[in-house]
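A quick note: this is a predicted structure, and the numbers were derived from the prediction, not measured. Order of the sequence lines sets the chain letters (A, B, ...), proteins ahead of strands, with each chain counted from 1.
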Number of protein chains: 2
Amino acid sequence: MELQLQIKMNEGLFLRNPELSDLGKKIIKHSIIMIHKDGFEALTFKKLAKDIGTTEAGIYRYFENKHLLLTYIISWYWSWIEFQILFQTNNIKNPKVRLKKVIKILASEVEDDETISHVNESLLHQIVISEGSKVYLTKKVGEDNKHQFFKPYKDLCGVISDLILECNSAYKYPRSLATTIIEMAHFQNFFMKNLPSLTDFGNSKEESKITAFLSDLVFSSID
Amino acid sequence: MELQLQIKMNEGLFLRNPELSDLGKKIIKHSIIMIHKDGFEALTFKKLAKDIGTTEAGIYRYFENKHLLLTYIISWYWSWIEFQILFQTNNIKNPKVRLKKVIKILASEVEDDETISHVNESLLHQIVISEGSKVYLTKKVGEDNKHQFFKPYKDLCGVISDLILECNSAYKYPRSLATTIIEMAHFQNFFMKNLPSLTDFGNSKEESKITAFLSDLVFSSID
DNA sequence: TATTTATGATAGTGTTACTATCTTTTTAAA
DNA sequence: TTTAAAAAGATAGTAACACTATCATAAATA
């Protein structure tokens, strides 16, 4: 059996769908590699083009600018993570066990998804940690939001929020707690690796401790 | 009685100390206004110079580049907030009451500090919400950290962390909880105003609800 | 009064973020 | 198989940006 997962992306993010051609997939693949290596600020379409073996114009035919390219790959990640969560928690009846699993998925290194060869999910995960918030921390948030560019993130937040309510229907802040889990899973990871004194796991650098912290935080609140 | 608060800034952040001249203060003042208006990405030294009535070179004599200028004003903010916290919680004996007050200070609009005329703290607060994390979300974090550029943020984290331990000396994650409070005070504010469905206070848009959420989160954890 | 220091004015350079155009190759319909 | 349409390659060009450099002038200080 050979399955292929295809994530349907918002059409406003691209000019030509990168999933439908070799060049498109190369753009995704190499932009992930390059952003991971030197950071988003250092990415230029010229360098990316050279890396791929095409020209600047070639990339502009797929993405209007680099911010939309970043928005694309980050959105893709959120959709993919939502699927991972639905898949991996599918058979778990107990909502608390499920929520615990969700926290773990969000706070752990991801394993590469072999069925999608043009995306290195592990690198992408690290990009989301250090560049993810730049997608909405702009003056154009409102506009981008109108185009529904943040729907995957919101959907994920919705899934977690519902799960929180399943654990405790009386809890008053399910959405804010959901975003807190998502953002902190990443921020604590970034701090642990880069500014360790801002966390309590700077020495060990074990991701399992982030899971422990978040679980403690969440279940203290909703129990 | 006339007091003047002066925050001693890390000397690596500037080439010439902006606090010591008219031009320097104008750079701070107008960069805050401009970043608040159009966002950090849109800021250029040329536009800033024109606004002030000087030339590009004039600004380069104070700051090596715009990222260091941002780092400067954000650091300044964290130092200022730490002072505000120490000052406003000075007489409060009960650590829980004090921690509650700290959460409120972090999550509320700031009032302008009239003693420092070249800084509009209220605008600066909004800048810290939407641009603050960009200061460390770069490939140069490690290097900047070595230069101690993040000391004010870390100091604030330390103050809050100590306070958490005062409330409950057995709590295992005081630092991570401190950064969670700081970051979430800002993120929830940003989401509330820009992507309201990610929070539970999107309709009312009252900052007091963020305080309520964070208090609930924190005191559930440490009690 | 002499000298250092800060500022102003102007020019120049390499790079980035595009836009445009024209040709060649690939794909798909007739 | 031919034809036309779509995608990709090649190249050029532009405005803005992030600087660096230089020289003159004004202000502060010794």
Got a sec, which residues hit ring-ring contact (aromatic ring centres under 6.0 Å, His included) with A:Y72, two or more places apart in sequence or on another chain? A:F63

Looking across every strand, which nucleic acid part, if any, lies under 4.0 Å from A:F63 by heavy atom: base, sugar-phosphate, or nothing? nothing

B:K46 NZ - D:dA16 C1' separation (whole Å): 8 Å

OP1, OP2 of C:dA6 versus side-chain N and O of B:S21: anything below 4.0 Å? no

For the pair made of CG in A:L68 and C1' in C:dA17, what is the distance, rounded to whole Å? 13 Å

Length of the line joining B:L23:CG and D:dA28:C1', which is rounded to integer Å: 16 Å

Taking atom P of C:dT15 as reference, at what distance in whole Å does atom NZ of A:K50 sit? 12 Å

Should B:K134 and B:E41 count as an ion pair when the cut-off is N to O under 4.0 Å? yes

For A:M34 and C:dT16, what is the distance between atoms CE and P respectively, to the nearest whole Å? 10 Å

For DNA chain D, whose closest nucleotide is more 5', that of A:T55 or that of A:Y62? A:Y62

From CD (A:E131) to CG (A:L43), nearest 0.5 Å: 9.5 Å

All N/O pairs under 3.5 Å across the protein-nucleotides 18-22 of chain C interface:
{"from": "C:dC18", "atom 1": "O5'", "to": "A:Y60", "atom 2": "OH", "distance (Å)": "3.2"}
{"from": "C:dC18", "atom 1": "N4", "to": "A:E56", "atom 2": "OE1", "distance (Å)": "3.2"}
{"from": "C:dC18", "atom 1": "N4", "to": "A:E56", "atom 2": "OE2", "distance (Å)": "3.4"}

Rounding to an integer number of Å, can you tell me how far B:R16 CZ sits from C:dT7 C1'? 8 Å

If the test is side chain to side chain contact (heavy atoms under 4.5 Å, CB included), which one of A:V110, A:V119, A:L124 qualifies with A:W80? A:V110

Atom-pair distance (CG on B:L48; C1' on D:dC19), nearest Å: 15 Å

Whole angstrom is fine here: how far is it from NZ in A:K25 over to C1' in D:dA8? 16 Å

Salt-bridge test for A:E207 and A:K104: reply yes if a basic N is under 4.0 Å from a carboxylate O, no otherwise. no

Please determine whether a side-chain nitrogen of the Lys or Arg among A:D144 and A:K140 lies less than 4.0 Å from a carboxylate oxygen of the Asp or Glu. no

Between B:E11 and B:K8, does any NZ, NE, NH1 or NH2 come within less than 4.0 Å of an OD or OE carboxylate oxygen? yes

